[in-house]
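Following: one structure in C-alpha cells, then a few remarks.
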Amino acid sequence: MAWAKKRGGRKEPLFGLPAALADLRLTAADRIPNVADDKPKKAKAKRKSDDGDEEPPRERKAPVSRSGAKRRSKSKIGFGIGRLFYWGAVLGLWGVIAVIGVVIWVGAHLPPIQSLEIPKRPPTIQIVGIDGSVLAQRGEMAGANVSLKDLPPYLPKAFIAIEDRRFYSHFGIDPVGILRAAVTNVLHRGVSQGGSTLTQQLAKNLFLTQERTMQRKLQEAELAIWLERKHSKNEILELYLNRVYFGSGAYGVEAAAQKYFGKSAKNVTIAEAAMLAGLVKSPSRLAPNRNPEGAEARAQVVLTAMADAKFITEAQAQASIGHPATNVKPAGAGTVNYVADWIGEVLDDLVGQIDQSITVETTIDPKLQNVAEAAIIDELAAKSVKFNVSQGALVAMTPDGAVRALVGGRNYSESQYNRAVTAKRQPGSSFKPFVYLTALEQGLTPDTIRQDAPIEVKGWKPENYTHEYFGAVTLTQALAMSLNTVAIRLGLEVGPKNVVRTAHRLGISSKLEPNASIALGTSEVSVVELVGAYAPFANGGFAMSPHVVTRIKTLEGKLLYMRQPDERNQVIEPRYVAMMNTMMRETLISGTAKKAEIPGWMAAGKTGTSQDYRDAWFIGYTANLVTGVWLGNDDNSPTKKATGGGLPVEVWSRFMRTAHEGVPVASLPNSQVGWGLSNLAQAASQVSAPTPPAPVSNGGTRPPPTRANVRPEPAAGLDGWLMDRLFGGNR
C-alpha cells in the first residue's frame, strides 16, 4: 500500500476521449526546440570543450521522410513558376500600357479626326476629240473612277498576287507578311521586300506623306486597321485601284490604261494587267514609255505570281509572256497638251468653278492634230539650225471658227508656253490684208494703181524686202509682191485708225497702235486671233469666234454647257470678200507664196516677215480650212533670213495637202457680179491715171511685175474694168 502510494496512488480507469488520448506521447523529434533553452546548453558544452574535460555532444539529426522531401521540392518548383508568372504578368501589363501609349501618341499625331474620311476624288477633266477619242486629261488625279465589277477579274487579282497575297484574310496588317519580308530582308542583307498590305498602301495614299519614318509606318498601320473596320475588302480594293499612282502623271488604273495602252482599263489584256500591277513597285522607273524593258521584266514576275496563286493558268501565263504588252502612243500625244491648257483657261468662263469630274467635247480632229504636230516638228528638225529657228506654232480652223488642230510649240515636255494662244508677235506683212480691205471699202479696186517708190514719214524711211521699187503697180500686184511702200501709202491714205477698226471688226482683239507703221504689222498679235481674223475671207464675210469647246458634261451625262452658233453678223460685204480673195489668190500664183499649193483646190493667203527676220508667218485658207503658221525664237532673236514664203509655207503646204485628202472640192466665195454694181460711181472715181514705168539701175525702164501693163483705161472707169473682169478681155 505504501508502495502504491509512493508510486502515485490508485490509477483510475479512463473512458471516451480521455482514454483515446491517454497513450498519445510526443517524442523529442516532435518537439519544437526552444531557442532560449538551446543557447545555454551550447554555451555550456563549449565551455567544457575549452577546459578540455569533455567533447561537445553530437546532435542527432532526426531522419527526414521521403514524403517531406517531395513536398519541399514541389514547393520550390511551384514557387519558381509563381514568380515567373508574376513577373510575366507584370511585364505583360507594362507592355500593354506601352502599346496603348504608342497608339495614343500615334493617334494624336494623325490628321484631325474629321478629316479621316475617304476624301472625294478631285475633279477630273477628260478632253475628247471630234471623233470621241480621249485627247488628254487634266486634274490632280486624272482618270475616271471605275467600278470593281466593271474590270476584268484578272486585273485586280494581278495586284493581289504581287502586292498582297493574303489580302482577303488579314485585318489590315499582315503579321505573316511582315515576318516573311523581315526574314527575306535579313537573308538579302537589305530591303528587298516590303510587308505593307494593299490597305496600308491605300492609307498612305489617302492620308499620309511618302516619307519613310517609323512614325509614318505606325500611323499607316493604325489607319489601315481603321479602314478595314469601316469598309469592306472590295471597297478597299476598288479605292486602291482608282487612287494608286502608275507614273507619267497617271493616277488610277483607268488613267494608266489610257496613258500606256490607249484603251480603257475595262478592256486590258492579261499581259497589260500584269504590266500595270508591276508598275506600283516603282512607277517612275518602270513606266513603259520610259523603260519598256524594265516594265516587261516586271510584268513577267507578276504573271508568274498570278499563276502561282492559281489566278490564271500556266498556259495563260506563258501566252501572255509570249505576247507582252506594248506601250501605245495616244493620238495627238504631246502637242495636244497645248490644246488642253487652252481649254483649262476658258473653262472657268464657260461653267464656273469645277467641283465634279467632267468631259469636255472639242472640235479637235486627232488625225489633223497629228499631221500638224509632225509638220512642225519635222520641218524644225530638218532646218532649225540652218535658219536659226527654234520654235513654231500652227492653228487650223474651219471658216466658222472650229479649231481642228493647234500646236503651241515643238515639244510640250520641254516648254509648256503656248505660242499659238498666249504668245504675241509682230505679224509683219501678214497684217496687210486689213489695210487693203480698208482701201477697197473706201472705193478702191484690186486694179487701182499706186506708186511703189521710196517714201519717208517723219524721218522714217521704210523699204521693200528686195530693196527694189517697181513704180506704178496695181493693188493686187502690190499685195501679192508684199510691197511695203504701197501698203504704207495706202495706210496713210485711208487712215491708220480706220485700219485698226477694220482689224478689230474682223476679230483681232489685241491692242493696235494707229500709226504709219501699222500697215507693216508692227503691233503684236497671237496666232489664233490672226487666223480667226482671216476666216471671214473664207466664209463670205461673216464674223466668227475661234472656239475649241462644243459641249461639257458630267460623267453622269448632265449637260453643263453647249456652244451656240455665232450670230450671222456680216463684217465684210460679199463684193469686198470676192475682191480680197482674188487679190490674195495671186499671192499663191505669182507672189511671195508660190510654193503653197493644194492640188485641185482654190487657195489664198498672205506671207509675213517681221523686222530683222524675227518672225516668219503664212496665213492661208480654202473654203474648208483656214491655217496659220508662225516660226521664230522665244527670245525674239533674229533668224538667219527665215521668211514667210519659206519655212512657214512649207509647213502649211504639208499640212493642208493631207488635210484636204478625200474632202469634196469647194471654191472660195467669189461673187464677182456683186463687186461694184451698187457703187460704180464712187469706185470709178478712185481709178488712177496711168503712170510711167519705174526707172531701173541701168538707165532703161522696167515694166511693173506680173500683168502691171494690163489695167482698165481711165475713160472706161469701173464699168470698163468690171466688164473686162466678167467677160474675159485680156484677163
Side-chain angles (χ1 to χ4, degrees), residues 110-130 132-151 201-210 223 226-227 230-232 234-246 248-259 264-266 330 336-364 403 412 416 418 421-422 545 547-564:
L110 285 173
I113 191 66
Q114 60 269 21
S115 68
L116 290 183
E117 294 291 340
I118 301 299
K120 289 182 63 177
R121 187 184 182 94
T124 297
I125 303 170
Q126 181 173 264
I127 300 170
V128 300
I130 195 172
S133 63
V134 178
L135 299 176
Q137 291 181 329
R138 285 291 186 269
E140 183 181 342
M141 300 181 70
N145 278 336
V146 287
S147 175
L148 194 63
K149 62 182 176 59
D150 293 332
L151 296 172
Q201 294 180 40
L202 177 62
K204 177 181 65 177
N205 291 335
L206 290 178
F207 305 113
L208 304 174
T209 65
Q210 301 297 318
L223 288 170
W226 176 81
L227 283 171
K230 195 171 181 64
H231 299 278
S232 68
N234 284 345
E235 288 174 340
I236 291 173
L237 184 57
E238 184 175 303
L239 280 168
Y240 175 83
L241 293 175
N242 283 299
R243 301 297 183 99
V244 69
Y245 183 58
F246 290 91
S248 299
Y251 288 87
V253 289
E254 179 65 17
Q258 295 285 0
K259 177 73 176 180
S264 171
K266 302 173 184 178
V336 79
N337 286 291
Y338 292 112
V339 178
D341 289 349
W342 184 28
I343 291 172
E345 294 172 4
V346 302
L347 275 181
D348 191 52
D349 294 332
L350 299 180
V351 295
Q353 184 176 1
I354 300 171
D355 56 3
Q356 57 184 322
S357 296
I358 59 175
T359 297
V360 180
E361 298 179 7
T362 72
T363 60
I364 296 295
V403 176
Y412 182 83
Q416 291 78 50
N418 196 331
V421 177
T422 306
S545 299
H547 61 276
V548 69
V549 178
T550 55
R551 291 198 304 177
I552 302 175
K553 301 185 298 183
T554 66
L555 297 184
E556 292 75 27
K558 180 182 178 182
L559 186 64
L560 301 178
Y561 167 82
M562 176 178 285
R563 175 177 170 77
Q564 301 300 321

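FYI, the numbering just counts along the sequence from 1. Atoms considered below: every heavy atom in the structure, side chains included; atoms not considered: hydrogens, waters and symmetry mates.
Note that CG of Asn145 is 8.5 Å distant from CG of Leu555, once rounded to the nearest 0.5 Å. Within the model, atoms CD of Gln126 and CD of Gln137 stand 5.0 Å from one another, a figure rounded to the nearest 0.5 Å. Rounded to the nearest 0.5 angstrom, Ile343 CD1 and Ile364 CD1 are separated by 7.0 Å. Remark: Glu238 CD to Leu202 CG distance equals 11.5 Å, nearest 0.5 Å. Expressed to the nearest 0.5 Å, how far OG1 of Thr422 lies from CD of Gln416 amounts to 12.0 Å. Atom CD of Glu361 and atom CE of Met562 lie 8.0 Å apart (nearest 0.5 Å).
Taking all atoms of both residues into account, the shortest heavy-atom contact from Val146 to Glu254 is CG1-OE1, 3.5 Å. The shortest non-hydrogen separation linking Ala265 to Val253 is CB-O, 3.7 Å. Across Leu241 and Phe246, no two heavy atoms sit closer than the pair O-CE1, 4.3 Å. Nearest heavy atoms, Tyr240 versus Gln201: OH-OE1, 2.9 Å.
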Only distances under 3.5 Å count here; give the side-chain donor-acceptor pairs of residues 345-360 to other protein atoms, sequence neighbours excluded, each with its distance to 0.1 Å.
| from | atom 1 | to | atom 2 | distance (Å) |
| --- | --- | --- | --- | --- |
| Ser357 | OG | Thr124 | N | 3.0 |

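The side-chain contact (heavy atoms from CB on, under 4.5 Å) test with Thr362 is passed by exactly one of Thr550, Ile130, Leu135, Val128: Leu135.
His231 and Trp226 have perpendicular rings, their planes meeting at more than 60° on a 0 to 90° scale where under 30° would count as parallel.
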Please assess Arg563 against Val549 for the test side chain to side chain contact (heavy atoms under 4.5 Å, CB included), listing each intermediate value before the final yes or no. CA-CA 7 Å; Arg563 175 177 170 77; Val549 178; over 6 Å; no
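Applying the side chain to side chain donor-acceptor pair (under 3.5 Å) rule to Asp341 yields the partners Arg138, Tyr412; only residues at least two apart in sequence or on another chain are considered.
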